[in-house]
Amino acid sequence: MLGCRLPLILAGMGGVARAELVAAVAQAGGFGFLGMVREPLALIEAQVRKVREQTKERFGVNLIPAGTAPDLLQQQVKLCISPWSACSGMSGAR
């Protein structure tokens, strides 16, 4: 379903699940999520680029609607579904 070789998922832990760790998990056969809750758009874009520079494997971007201001969340989602982005993972509901 996620396109990974092993049943391993790196949770999108804020401050920890950044490009280097996500890329390493993806390269090892798992599926990594960037922890991008309430992060600025420039950081999300930079982290996605860094992961893509380190691996061709699939990965995700974790956003949490309940923990993010609606205007920022809308911008984050738009960025994450743009053609260059990875798939997005959302936790919680609003």
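These numbers come from a predicted model, not from an experiment.
The CE atom of M36 lies 4.5 Å from the CG atom of L43; values are rounded to the nearest 0.5 Å. Atom CZ in F59 sits 10.0 Å away from atom CD in Q54 (nearest 0.5 Å). Of the inter-residue distances, the one linking I44 atom CD1 with L63 atom CG reads 6.0 Å to the nearest 0.5 angstrom. Once rounded to the nearest 0.5 Å, the distance linking CG of L34 with NZ of K50 reads 10.5 Å. A distance of 9.0 Å separates CZ in F33 from CG in L10, rounded to the nearest 0.5 Å. Rounding to the nearest 0.5 Å gives a distance of 5.0 Å between CD of E57 and CZ of R5.
Within the 3.5 Å criterion, the main-chain N or O of A19 finds a donor-acceptor partner in the side chain of Q47.
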Quick one: do R49 and E45 satisfy salt bridge (charged side-chain N to carboxylate O under 4.0 Å, His left out)? Show the steps, please. CA-CA 6 Å; R49 252 194 201 108; E45 188 171 5; 3.2 Å; yes

Stepwise salt bridge (charged side-chain N to carboxylate O under 4.0 Å, His left out) check, R18 with E39: CA-CA 12 Å; R18 295 296 199 233; E39 296 292 6; 2.9 Å; yes

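Closest approach of A17 and A11 over heavy atoms only: CB-O, 3.5 Å. For the residue pair G29 and C4, the shortest heavy atom distance occurs at O-CB, 3.3 Å.
There is a path of hydrophobic side-chain contacts, each under 4.5 Å, that joins M13 to V51. Neither L6 nor V25 shares a network with the other; the hydrophobic side chains, linked directly or stepwise wherever heavy atoms of I, L, V, M, F, W or Y lie under 4.5 Å apart, form separate groups for each.
Environment of CD in Q74: sparse, with no more than 12 heavy atoms of neighbouring residues, nucleotides or ligands closer than 6.0 Å.
Side-chain contact between Q76 and L41 is present, with heavy atoms from C-beta onward closer than 4.5 Å.
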